[in-house]
Amino acid sequence: MNDSLRLLLVDDDEVDRMSVRRALRNAAATLDIVEAGDAASAIGHLQSGGFDCAFLDFHLPDGDGLSVLKAARSGGVTLPIIMLTGQGNEELAVELMRAGATDYLPKAQIKADILLHRLNNALRIHAAEAEQLRAELALQESNKRIVDILESISDAFFALDGAGRFTYINSQAETLLGKPRAALLGSEIFTTLNKEAGWFRDRLEKAMQEKVPVTAEGLYAPQNIWLELHVYPGNDGISVYFRDISDRKKIEERLSYLANYDALTQLPNRVLLMDRLNQALSRAPWRGRILAVLFCDLDRFKIINDTLGHNIGDHLLKVAAARLTGCVRTGDTVARLGGDEFVIILNDVANTDDITPVAHKILEAFATPFELNNEELFVGTSIGIAIYPNDGQDADTLIKNADTAMYRVKAQGKNAYQLYSPEMNAKASNRLALERDLRRAMERDELLLHYQPQVDSDTQAIVALEALVRWQHPTLGLVPPLDFLPLAEETGLMPLIGEWVLHTAATQTRAWTAQGLPPVRIAVNLSDREFKRTDLIGLIQRTLTNTGLAPAQLELELTEAILMQDTRQAQALLQRLRDLQLHLSIDDFGTGYSSLAHLKRFPVNTLKIDRSFIRDIETNDDDATITSTIIAMAHGLRLNVVAEGVETAAQRDLLRLLGCHHVQGFFYSKPVPAAQMTALLAQGHFKKDET
Ligand code: C2E
Ligand code: MG
Ligand code: MG
């Protein structure tokens with residue numbers, strides 16, 4: 001009990017008040033007792049507060065104690081109130097207690113010890129109640145704070161009780177689950193999620209049953225969003241945090257797409273190809289199936305890409321990708337390795353006989369011309385095939401061997417397929433050795449030039465020479481240019497070789513003139529890439545100055561690809577070369593894709609008709625027609641025409657009939673070393689009877 005207490009004593013009977021006072025006389029605390037005799041002043045005192053306890057008589061002159069009690073309690077008065085009644089009455093006691101009385105005491109029992117005991121009791125109960133109330137308020141306050149927090153966090157949150165019923169849902173959860181809070185609260189989550197998101201339900205059940213925290217990600221189908229889920233088990237129920245990770249998922253998907261697919265063709269890239277191949281290989285043995293890797297490389301892609309431009313090249317690749325995809329079954333993989341290289345995995349093949357029909361199908365698909373740049377262009381493909389398990393047990397070996405087989409197709413004329421065989425590897429490693437040797441060939445001075453005459457078939461006179469490079473290899477012997485120039489282009493040696501050829505041919509021709517031989521024109525071949533050298537003009541001027549060769553004696557043989565570029569730049573460059581007084585010709589005319597329209601815009605002097613038209617000119621009507629058309633057209637444009645690869649008198653005579661009088665070919669002379677050419681030049685012309 002406190003040291004001092006302030007008590008309110010309400011009784012209309014003076015004597016009764018006296019006896020209460022007396023009974024309290026021995027209280028341990030100092031008492032300050034305020035007395036009142038009627039209901040009105042009792043209510044006034046109670047509401048004004050400041051009392052630790054009140055004694056309230058049931059019978060009052062202006063009303064009864066019960067209504068005072070009720071009024072006080074409903075007015076928020078919380079102090080302990082002990083009711084005093086004239087006589088004991090169980091029913092009344094119950095009613096009073098219900099109305100908020102702290103205790104109830106018949107007046108007959110007002111004795112010191114009883115009253116003090118009841119007072120103490122009432123004060124203690126009140127203190128305990130007040131404490132509990134404070135605790136409850138504090139709890140409410142902290143719950144409110146938690147709810148505020150749960151509402152303000154960006155995560156969605158809900159809590160379930162031990163039976164899986166929603167006990168709390170924040171508004172973010174309401175939004176993500178797409179259901180109103182009111183409908184969810186109290187409902188059982190497992191019935192809600194059962195049909196809609198199995199994974200979600202499974203994780204919640206796991207957390208509940210095993211009492212472990214669980215984290216998961218998954219698609220929440222009802223809202224079509226990806227959720228990241230964190231579940232924490234509590235004493236009775238679980239707390240569930242989750243958030244919408246759809247944006248992150250989209251980025252992840254995009255990144256994984258970029259990492260696995262080729263952006264241009266949308267085909268799987270090398271990474272995904274290796275992945276799929278390795279997977280297929282891991283399954284293949286126990287299924288007893290075979291598996292084929294087809295390595296496809298487009299023919300003449302480079303020339304199209306270089307001459308018609310990258311946009312057209314890209315378009316070609318896309319169409320080619322679609323054609324390849326159209327040739328295989330859904331379970332097969334068509335991937336782009338890069339450039340114009342594609343790899344196909346034929347999965348699950350029953351036997352080897354099923355593979356070549358696919359290769360045929362691909363070749364057929366490429367037999368249709370490609371619609372590019374408003375022209376129809378034919379682009380073939382070369383296919384190398386390696387088969388698991390015979391041609392390799394692992395992905396790298398299979399791809400490497402298919403590549404090797406593809407190279408064989410290229411070497412043998414392209415646009416065909418070839419199955420891998422082990423002997424090919426010997427060839428492939430030769431290629432590596434050749435590349436190594438070629439790098440040293442320049443230092444070792446192993447290159448040389450042969451010269452082949454162009455002859456006027458009317459007079460048998462030599463009108464020009466063509467310089468053709470050869471490689472005197474220490475062990476392989478004389479290597480023809482087509483066997484090492486492509487390699488030189490690939491390895492970056494071509495500019496060096498080109499400079500050497502130009503310089504050597506010019507020096508030799510100048511020497512012949514200096515020896516008193518009739519001045520002859522020397523034709524030098526320029527590859528497409530050499531033509532694009534930025535220092536081409538400078539290189540030629542330097543060569544002419546250093547060797548003293550007259551510009552009119554130098555002829556450049558350019559590829560048809562240069563015409564196809566059809567750019568102002570190319571035109572301007574050709575014009576500058578012509579301004580230097582050089583002679584310009586288009587080599588192997590008819591094999592490329594150039595048209596008359598192209599030709600008109602370029603300042604060239606000569607067309608050299610490709611050997612392939614001349615070979616069968618007597619027997620093949622098409623070849624004869626094309627040749628006569630080229631000749632007529634060249635004359636119309638005031639261009640010279642030279643027929644290449646003339647091997648027989650009959651060919652020469654037919655060409656003369658068609659109006660082509662300049663020929664080059666084995667019929668007159670093979671390309672020969674400089675010394676032999678010196679003799680031919682001294683002779684000046686071929687004898688009539690030689691023909
Ligand atoms: P090209 O410029 O068309 O040279 C003509 C090719 O046809 C030469 O082959 C020549 O030996 C061959 N030929 C000439 N007459 C006949 C014939 O009657 N019958 C047959 N079957 N063939 C004949 P070669 O020397 O093997 O050169 C091949 C190609 O290599 C050349 O074709 C040219 O494009 C290129 N090339 C040669 N030397 C050089 C060079 O120094 N620089 C560049 N960039 N390319 C060169
Ligand atoms: Mg040539
Ligand atoms: Mg030629």
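What you see is a predicted model; the values in this text were computed from it and never measured. Both counts, for ligands and for their atoms, begin at 1 and track the order of listing. Along the sequence shown, residues carry numbers from 1.
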task = Check if Arg470 has a non-hydrogen atom at a distance under 4.0 Å from any atom of ligand 1.
result =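 True for this residue.
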Contact check: [X] vs ligand 1, nitrogen or oxygen atoms, below 3.5 angstrom:
{"X": "Pro480", "value": "no"}
{"X": "Val501", "value": "no"}
{"X": "Glu647", "value": "yes"}

key: Geometric class of the Trp471/Phe484 ring pair [parallel <30°, tilted 30-60°, perpendicular >60°]   = perpendicular
At a 4.0 Å threshold, what atoms of ligand 1 neighbour a non-hydrogen atom of [X]?
{"X": "Glu466", "answer": "1 (P), 2 (O), 4 (O)"}
{"X": "Gln452", "answer": "14 (C), 15 (N)"}
{"X": "Glu530", "answer": "44 (N)"}
{"X": "Met494", "answer": "44 (N)"}
{"X": "Leu485", "answer": "36 (N), 39 (C), 43 (C), 45 (N), 46 (C)"}
{"X": "Gly645", "answer": "15 (N), 16 (C), 17 (C), 18 (O)"}
{"X": "Pro671", "answer": "11 (O)"}
{"X": "Glu557", "answer": "2 (O)"}

Answer yes when [X] and [Y] have at least one side-chain N-carboxylate O distance shorter than 4.0 Å, and no when they do not.
{"X": "Glu489", "Y": "Arg529", "answer": "yes"}
{"X": "Asp314", "Y": "Lys318", "answer": "no"}
{"X": "Lys608", "Y": "Glu466", "answer": "yes"}

ask   = How about Val455 and Phe686: do any of their side-chain heavy atoms sit closer than 4.5 Å?
value =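 SC-SC contact between Val455 and Phe686 confirmed.
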key: Whether Asp588 has an N, O or S atom under 2.8 Å from the Mg ion (ligand 2)   = no
message = Looking at non-hydrogen atoms alone, which of Val469, Leu482, Val479 comes nearest to atom 29 (C) of ligand 1?
response =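 Shortest heavy-atom distance from atom 29 (C) of ligand 1: Leu482.
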[X], portion touching ligand 1 at heavy-atom distance under 4.0 Å:
{"X": "Asp588", "result": "side chain"}
{"X": "Asn525", "result": "both"}
{"X": "Arg611", "result": "side chain"}

Donor + acceptor pair across side chains of Gln553, Thr509 (<3.5 Å) = no
So, for [X] and [Y], which heavy atoms are closest and what is the spacing to 0.1 Å?
{"X": "Ser382", "Y": "Met406", "value": "O-CG, 3.4 Å"}
{"X": "Gly548", "Y": "Arg510", "value": "O-CD, 3.2 Å"}
{"X": "Ala292", "Y": "Ile355", "value": "CB-CD1, 3.6 Å"}

Tell me which donor-acceptor pairs under 3.5 Å the side chains of residues 624-633 have, and how far apart each pair is, sequence neighbours excluded?
from: Thr625; atom 1: OG1; to: Asp621; atom 2: O; distance (Å): 2.7
from: Thr627; atom 1: OG1; to: Asp623; atom 2: O; distance (Å): 2.7
from: Ser628; atom 1: OG; to: Thr625; atom 2: O; distance (Å): 3.2
from: Thr629; atom 1: OG1; to: Thr625; atom 2: O; distance (Å): 2.6

ask   = About how large, to 10 degrees, is the angle OE2 of Glu466, then the Mg ion (ligand 2), then OE1 of Glu557?
value = 90°
key: Name of whichever N/O/S atom of Asp587 is nearest to the Mg ion (ligand 2)   =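 Result for Asp587 and the Mg ion (ligand 2): OD2.
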ask   = Among all residues two or more places apart in sequence or in another chain, which pass the ring-ring contact (aromatic ring centres under 6.0 Å, His included) test with Tyr451?
value = Trp512
key: Partner of Ser585 under side-chain hydrogen bond (donor to acceptor under 3.5 Å, both in side chains), chosen from Glu557, Glu555, Gln454   = Glu555
